[in-house]
Amino acid sequence: MDIEKTKRYYDRLSDEDICDCVYCRNYVKEIRSTYQKLAAVLDDWGVDIQKPFETIPIGPAEGIMYYAGAQYVIMGPSDDFKDTLIDDVHISVTNSHPMTDIDEDHFVIEISPICLKWNETKKDT
Ligand SMILES: [Zn+2]
C-alpha cells in the first residue's frame, strides 16, 4: 500500500463524497468513538475511518445498528497487505465492491462486522 497517496486521497474526499443515507450518517457519527483502536490502525495506513467508500447496513435493533461491514479504498498495490483482526473486526482485501472510478493503482478493504449505537428517536432529517 502507498500510505502517502492514501492520505492524499482521504484529504481530498469531502463530506459530499460520503453517502448521505441514514445508515451511513450514523456510521460516520459513531464509528471513531466506538472503534478507537481500529480507527488508529486505519489512520496509520492513511485511511480516515469516517470516510467509508461503502457501508453494508443490515439494520437496527434495540438501539444497536448492525453493519455486515464497511469498505475503504487504499492506494497502491495490495500485495503487501495482510488480513488482520482488531477488536473482533476482520480487515481483509475484497474484490466484491462497487466501481471506484479511480485510475491509479488501488484496492479496497472490508472491515467486518460493525455494531454501532443507534438512536431512532433522533431523526435529524
Ligand atoms: Zn449509505
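Whatever order the structure lists them in is the order used to number ligands and atoms, beginning at 1. Residues: numbered from 1 along the sequence shown. No experiment lies behind these values; they were computed from the predicted model shown.
Listed by chain and number, the protein atoms of type N/O/S under 2.8 Å from the Zn ion (ligand 1) are C19 SG, C21 SG, C24 SG; waters are omitted.
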In a table with atom names and distances, give each donor-acceptor pair under 3.5 Å that connects a side chain of residues 73-92 to protein atoms at least two apart or in another chain.
from, atom 1, to, atom 2, distance (Å)
D80, OD1, M1, N, 2.6
D80, OD2, M1, N, 2.9

Result block: side-chain N/O donor-acceptor pairs under 3.5 angstrom for residues 94-111, not counting sequence neighbours:
from, atom 1, to, atom 2, distance (Å)
T94, OG1, S96, N, 3.0
T100, OG1, H106, NE2, 2.6
E104, OE1, K5, NZ, 3.1
H106, ND1, E104, O, 2.8
E110, OE1, Q71, NE2, 2.8

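Within the structure, the side chain to side chain donor-acceptor pair (under 3.5 Å) test picks out the following pairs touching residues 31-45 (sequence neighbours left out): R32-D43, R32-D48, R32-Q50.
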Query raised in the report: What do the steps show when you test D20 against R25 for salt bridge (Lys or Arg N to Asp or Glu O under 4.0 Å), and what is the final call?
Result: CA-CA 6 Å; D20 195 34; R25 279 191 285 136; 3.6 Å; yes
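Note that OH of Y67 is 10.5 Å distant from CD1 of I58, once rounded to the nearest 0.5 Å.
Y27 places a side-chain heavy atom less than 4.5 Å from the side chain of P52.
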